[in-house]
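Everything below concerns the one structure shown next.
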2 protein chains.
Amino acid sequence: MSTHDDLRDIALNEFAVAGYSGTSLQRIAEIAGLSKSSVLYHYDSKEALLEAAIGPAIDQMKSIVDSIGGSLLDADRRGVFIEQFVDFLLQHRLEVHMFINQGPGLEDVPVIDRANDLVVHLSTFFSSAVSNTEDHLRFGIALGGAAYVLSAKQEYSLEAPPVDEVRAALVTIVSELLAPLSTTPSARSTAN
Amino acid sequence: MSTHDDLRDIALNEFAVAGYSGTSLQRIAEIAGLSKSSVLYHYDSKEALLEAAIGPAIDQMKSIVDSIGGSLLDADRRGVFIEQFVDFLLQHRLEVHMFINQGPGLEDVPVIDRANDLVVHLSTFFSSAVSNTEDHLRFGIALGGAAYVLSAKQEYSLEAPPVDEVRAALVTIVSELLAPLSTTPSARSTAN
DNA sequence: ACGGTAACTGACCGATCGGTCAGAGCCTGT
DNA sequence: ACAGGCTCTGACCGATCGGTCAGTTACCGT
């Protein structure tokens, strides 16, 4: 792997663990075994390093969100989305962890704005598909919880179950949580 | 409210939104309408401000975790815990949001260590009560997702449903996710 | 009227921040 | 042999960081 890519990976990991503002270029340089100047040779600025670290993941997530035409009420199409989403989480835990936690605090950073737009966009899909508070929360818990559990597991990691097993379990649980979306609105009461 | 308490509240809010390292004493002082020196008059250090901001919430969470004797398999006792937990989340969204997101990155800070010990402790309870990967994840999604959704709602906030409704919905969803804990182990298969 | 104390401040400190710049080392094509 | 480009570096910059300190207010009990 090239030095360029090494720096991107190191930066992503540090940003996710210690936060963007909590990570100095000096520290990234030390981990890479380089000087701070070398880091700024490969990337014009700290912000460029952030863009390189999480930009690709955001682009991929955008294409997933765009591909759902808006009809998440259809169980089959929802199933496809859930699998894509879970796979995305598994491949990009660090990126997701980082922009979920620090997104709101890093305004005026273009790559973060793109990510926040995505969250709002996705949230709008579900908001329009559902009317009561409980199902709203169900959606938030499913997506936020799945994202959280993957990043938390590796930090408090007690054991590491096989990836396939985690994937299958996540698909099952998220599907359960999102199942109410396909029932007719009148079949569920909005209160209690 | 006293200046002392004002500073604590301002610090908590800024720490949660911008991160601990992303928040300067200067900024806290500006929001409070004071000088940086005044902030350091009320609190000996930035770390003391962090302790004041999230310490009480952690103490309260500790008493909740301690009160569950370990028998979360009992449906009634689990119900009590879930209600206490949801109430705790509703009262301390900011504190939870902050230590969940930044806990792992803020080592060597006593108050954060206490919080991390709590998470490990709580996680141990559930790990011992459950054997398969899916139920492990169910627990993580329930607690992490509930915590996430409350802090995220107010940042991307589109609307604000009444608190009682949110509370009832959260109790319902978390109870559903944790329900498998009370079934006999043989009643659930570990694979698929 | 006076002494004490709580609240607050500006000046200042060393360290570190992100970033600039001139140049050193090295490899390669000619 | 030499010229040109990568890669990398230390010295340096202004700004900001958390924190210290001497001193200024204002209020309060005596």
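Quick note on labels: first sequence line is chain A, next is B, and so on, each numbered from 1. Values reported hereafter were calculated over all heavy atoms of this structure, with side chains retained and with hydrogens, waters and symmetry mates removed.
- To the nearest angstrom, P of C/dA7 lies 11 Å from CG of B/L7.
- For CG of B/D108, the number of neighbouring non-hydrogen atoms (other residues, nucleotides, ligands) closer than 6.0 Å is 12 at most.
- In summary, the aromatic rings of A/H97 and A/Y148 are positioned with their centroids too far apart to meet the 6.0 Å limit.
- Salt-bridge annotation for B/R138 and B/D135: present, with a side-chain N of the basic residue lying under 4.0 Å from a carboxylate O of the acidic one.
- Within a 6.0 Å sphere centred on CG of B/D44, other residues, nucleotides and ligands contribute 12 heavy atoms or fewer.
- Contact check of residues 46-58 of chain B against DNA chain C (heavy atom, cut-off under 4.0 Å) returns no residues at all.
- Salt bridge status for A/R78 with A/D74: absent, with no side-chain N to carboxylate O gap under 4.0 Å.
- Other residues, nucleotides and ligands place no more than 12 heavy atoms under 6.0 Å from the CZ atom of B/R27.
- Residues of residues 28-35 of chain B having a heavy atom closer than 4.0 Å to DNA chain D: none are found.
- In this structure, A/T23 reaches the sugar-phosphate backbone alone: every heavy-atom distance under 4.0 Å involves primed, P, OP1 or OP2 atoms, never a base.
- With respect to the salt-bridge test (charged N to carboxylate O, under 4.0 angstrom), the residues A/K62 and A/D117 do not qualify.
- Chain A approaches DNA chain D over the interval D/dC6 to D/dA11, counting the first and last nucleotide 5' to 3' with an atom under 4.0 Å from its heavy atoms.
- At least one side-chain heavy atom of B/L106 sits under 4.5 Å from a side-chain heavy atom of B/Y20.
- Contact record, B/A32 with B/L7: CB-CD2, 3.6 Å, taken as the closest heavy-atom pair.
- Using a cut-off of 4.0 Å between Lys/Arg side-chain N and Asp/Glu carboxylate O, A/R8 and A/D5 are scored as salt-bridged.
- Among the heavy atoms of the strands, none lies under 4.0 Å from A/S21.
- The side chain of B/Y41 places an N or O atom within less than 4.0 Å of a non-bridging phosphate oxygen (OP1 or OP2) of C/dA7.
- A salt bridge is defined here as a Lys NZ or Arg NE, NH1 or NH2 lying under 4.0 Å from an Asp or Glu carboxylate O, and A/K36 with A/E30 fails to meet this definition.
- Between C/dC8 and B/H42, a contact under 4.0 Å exists linking OP1 or OP2 to a side-chain N or O.
- Here A/S38 lies in heavy-atom contact (under 4.0 Å) with a base.
- B/L40 comes within 4.0 angstrom of a base, heavy atoms only.
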